[in-house]
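Notes follow once the structure below has been shown.
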Amino acid sequence: MPSANRTPRLRAARRIRFSGAMHVSFNLAADLDPALKSAALAAGLPDAAAFTPEIRTADPKHGDFQANGTLGFAKARKLNPRAVAEQIVTALPASIRESYDVSIAGPGFINFTLKPAMLLAWLRAYSTPAALTAGAASAHAGQTWVVDYSSPNTAKQMHVGHLRSAVIGEAICRLLTFTGAKVIRDNHLGDWGTQFGKLIYGFKRWADPVALATDPIEELERIYKLGHAATPDDSPELDEARRELVALQNGDPESVALWKKFSDVSLAAFQQIYDRLGIRFDYNLGESFYNDKVGRVYSELLGTKIAEDSAGALVVFHDEHPRFSRNTERPNPFMVRKADGASGYASTDLATALYRTEHFGAHGIVVVTDFRQGDHFEQLFLTVKKWFAAKHYRLPELHHVTFGAVTGEDGKALKTRDGGTIKLKALLDEAEERAFAIVTEKNPDLPESERRDIARAVGIGAVQYADLSQNRSSNYVFSWDKMLALDGNTATYLLYAVTRLHSIFRKLNLPAGDTAQESAASPLETSAELTLARKLAKFPDAIRLAADSLRPHFLCLYLYELAGEFSAFYTSDKVAVDEAPVRARRLLLCSRTLLTLETGLHLLGLRTITRM
RNA sequence: GCGAGCGUAGCACAAUGGAUAGUGUAGUGGCCUCCGAAGCCAUUGAUCCGGGUUCGACUCCCGGCGCUCGCACCA
């Protein structure tokens, strides 16, 4: 029987070469849509040109992908959906049949299950960070996106309410970069406005040089509170504070020097937080930067008759809109210039949108703030659209990424002016301390410096992940235990999976994610291997979902499930077995899982570690 | 008053109009002589109420109820 023995081996060898040479799409589901459309035409279905396959990733118990489109298509034409599905499936091109097991289920769903050989071909094709990046980079290739996030007020410490914008914004930046965009990170600081009159007023009276040297931002915050308390409405003190503001706006050297000092001190303090969160802005173009750019906004909005005078102020009504029309009980106009001639944040935001479009050539602008500013940004975007259309400026995509406010135990939003808010620095410190205690308990033999480093990654990661893993636009109540949880669907679980993977390669004395021995891999076989491989091949879908919707929690969910499949695989299938082909294919899975988890976690802004 | 967002097990969350609504945590019961138990396996438990659209609704529409927030010179 030598020939019978020989033939399959030859075929297998050819198969591998063939798989290596043929094009394997990064996003596998993308191949199904055109294939089903042409199958519908080839099957001669009535009105086949109108058929849309509606490809979705499927519940794993049904397969990898499913086509839902036959149901609606058949019903609308009084056809039997299962019969339609059968005609389409029969007409499917051979390439699809080679890659998938195809079945029809229930009322007419078409299910596609990737064949093990196709899974392996995909895993071989996307084996490096460069391959993943190249695969993902088509979505926003050649585009420039400006992301406006964090954006705290200067002269105040960041508190827990500032966390969400910073963490979500950074993850969005990384997702956009990964999908091919050139991203400009812009910190739109609140560094201009009436509060600086009060701050200078207070500074001149109560500044403590010693405190200013040791903890400047704390001292500035103290001074501002004093200044605010000392200048009640209609008081002569408030008039004095206003004079300070006018002096600043008129360029009085002493006032400008003070203002500059406040900004520098604040930025330095913010950067300490940003460093811990892995954030580095390209620009810190705060409101002050647009101070001399609002004049053009006024004249162009007036010239195009988009803005009008109302009670002495310059405002924009959107009469076609139910809420922003002048014809409502309590009109809510977009206030471009106040009656006293001063600019507000509407005018600086308009100037900002123009600057980002003209100077940065933005294709898209993303602003990350909590939902309370929803009306403002809706009005802003409506106004920008009319303005840019009237002046024939190119209109970028405008996105307001909202999220719920962080509230206290009473359900009320935390506010800076009230005492008792939790400082962001204190939160991060506490996170690291809790993580350090756990690391020390679990792994007391590691040197302290390494335990400290691990605690930073785990503790900060827990805080980041807590904010990223939920989509909710409703508020959430701040809780130390919730924010710093280290069990369950948390960063800890994902980092633990990463460290186990590193440990496997360490034990075998192979470089992390080693791919050298993969050619020896035998076909995927066990249930745990196949389940893990299927999950790995869904990475592109998770990226697409998260990047398209600007919702990082889709990526969190995917990574958590991937780590779960890995943990199950790790428990049931030993990697370091003696049979070389089995070991090779399991190491291939480990290598790819490590690559995917680390790539995904870095996209979320988390730092990964090799031991914990 | 007008409007927006939210309402899913005890608690905290998920579900791009699809199949038996998923997970964590807490509870219960198992699993370390064996690549790391910060883990794995099993199990109890839920869509605010009432209509509508759809072959199919947590999801879309209408009407209630509840919570949070926004509504002219603060940002």
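Hydrogens, waters and symmetry mates play no part in the numbers below; they use all other heavy atoms, side chains included. Order of the sequence lines sets the chain letters (A, B, ...), proteins ahead of strands, with each chain counted from 1.
In this structure, the side chain to side chain donor-acceptor pair (under 3.5 Å) partners of Arg323(A), at least two apart in sequence or on a different chain, are Asp375(A), Glu378(A).
The pair Arg607(A)-Asp453(A) counts as a salt bridge, with a side-chain nitrogen and a carboxylate oxygen less than 4.0 angstrom apart.
For the pair Lys78(A) and C55(B), the criterion of a side-chain N or O lying under 4.0 Å from OP1 or OP2 is not met. Lys507(A) has no side-chain polar atom (N or O) that falls below the 4.0 Å cut-off from OP1 or OP2 of C35(B). For the OP1/OP2 pair of A12(B) and a distance below 4.0 Å, the side-chain nitrogens and oxygens of Tyr476(A) include no atom meeting the criterion. The phosphate of C34(B) has neither OP1 nor OP2 within less than 4.0 Å of any side-chain N or O from Lys574(A). Arg551(A) has no side-chain polar atom (N or O) that falls below the 4.0 Å cut-off from OP1 or OP2 of U16(B). OP1 or OP2 of A72(B) has not a single side-chain nitrogen or oxygen of Tyr345(A) nearer than 4.0 Å. Dashed line: the shortest gap from a side-chain N or O of His553(A) to OP1 or OP2 of A15(B) is under 4.0 Å. Under 4.0 angstrom from either OP1 or OP2 of A72(B) there lies at least one side-chain N or O belonging to Arg330(A). For G36(B), one of the phosphate oxygens OP1 or OP2 lies less than 4.0 angstrom from a side-chain nitrogen or oxygen of Ser503(A). Applying the 4.0 Å criterion to OP1 and OP2 of C13(B), one finds that Arg472(A) has a side-chain N or O inside that range.
Residue contacts for Thr57(A): at a heavy-atom cut-off of 4.0 Å it reaches a base atom on one of the strands shown. As judged by a 4.0 angstrom heavy-atom cut-off over every strand, Gly190(A) is placed among residues making no nucleic acid contact. Heavy atoms of Ala76(A) sit nowhere under 4.0 angstrom from any nucleic acid atom. Residue-level contact check: Glu561(A) touches neither bases nor backbone, having no heavy atom under 4.0 Å from any strand. Contact annotation for Ala105(A): base contact, defined as any heavy-atom pair under 4.0 Å involving a base atom. Residue Asp573(A) is in base contact, counting any heavy-atom pair closer than 4.0 Å across all strands shown.
Ring geometry for His228(A) against Tyr224(A) counts as parallel: the plane angle stays under 30°, on a 0 to 90° scale with 60° as the upper cut.
Geometrically, Lys482(A) engages Tyr476(A) in a cation-pi contact, judged by NZ or CZ lying under 6.0 Å from the ring centre and within 45° of the ring axis.
Between Leu220(A) and Leu199(A), the shortest heavy-atom distance links the atoms O-CD1, 3.6 Å.
Its glycosidic angle being more than 90° from 0, C41(B) falls on the anti side.
Side-chain proximity of Tyr560(A) to A15(B), U23(B), G39(B): nearest is U23(B). Counting only heavy atoms from C-beta on, Tyr493(A) has its side chain closest to G39(B) among G39(B), C6(B), A38(B).
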